[in-house]
Amino acid sequence: MTKRENPRPFRPVSPGEVLQAELEARRWTAKRLAQSVGKSVRTVKEILVGRRPVTAEFALALADALGTTAESWMNMESNYRLDLARRRRKAS
């Protein structure tokens, strides 16, 4: 199957969406996460809604707070941005 034959529609998923699902599973609020990672609630909320990217510093803090890896968050961010760029290129 070639790339053009893929019948499934694709929508890039931001790291913020994944993080939101993780918070819900843990029953954490944005405020609790903000306190855990040493960032403002505003910063956390902007990441959750995709207005702000996950930076390397934030990825390290998430890894510590959630018991994940910084690489997983950075890979999600990189893949998300690449997917968005591909969609913009295809649309033009």
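Just so you know, residue 1 is the first one in the sequence shown, and it goes up from there.
The shortest distance between side-chain heavy atoms of Ile47 and Val54 falls below 4.5 Å. Within the 4.5 Å cutoff, the side chain of Leu84 has heavy atoms near those of the Arg81 side chain. A heavy-atom distance below 4.5 Å is not found between the side chains of Lys39 and Glu46. The shortest distance between side-chain heavy atoms of Thr43 and Val37 does not fall below 4.5 Å. In this structure, the side chains of Phe58 and Val44 come closer than 4.5 Å at one or more pairs of heavy atoms.
The pair Glu77-Arg52 does not count as a salt bridge, with every side-chain nitrogen at least 4.0 angstrom from each carboxylate oxygen.
Rounding to the nearest 0.5 Å places CZ of Arg42 at 9.0 Å from CZ of Arg51. Atom OG of Ser78 is separated from atom CG of Asp83 by 9.0 Å, given to the nearest 0.5 angstrom. Atoms CD and CD, on Glu22 and Glu24 in that order, are 10.5 Å from each other to the nearest 0.5 Å. The CE atom of Met76 sits 11.0 Å away from the CE atom of Met74 when rounded to the nearest 0.5 Å. Remark: Leu23 CG to Arg32 CZ distance equals 9.5 Å, nearest 0.5 Å.
Each of Leu60 and Leu33 belongs to its own hydrophobic cluster when Ile, Leu, Val, Met, Phe, Trp and Tyr are linked at side-chain heavy-atom distances under 4.5 angstrom. Hydrophobic cluster membership is shared by Val13 and Leu19, with clusters built from Ile, Leu, Val, Met, Phe, Trp and Tyr side chains linked at under 4.5 angstrom. Under the 4.5 Å side-chain contact rule for hydrophobic residues, Leu62 and Tyr80 do not share a cluster.
Looking at every heavy atom in both residues, Trp28 comes nearest to Ala65 through CH2-O, 3.7 Å. Residues Trp73 and Pro15 share a closest heavy-atom pair of CZ3-O, 3.7 Å.
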Go through the steps for Thr29 and Val41 under the test side-chain contact (heavy atoms from CB on, under 4.5 Å), then give the verdict. CA-CA 10 Å; Thr29 62; Val41 174; over 6 Å; no
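Arg26 places a side-chain N or O within 3.5 Å of a backbone atom of Leu66 that can act as its donor or acceptor partner.
Summarising the local packing, CD of Glu57 is surrounded by 12 or fewer heavy atoms from other residues, nucleotides or ligands at distances under 6.0 Å.
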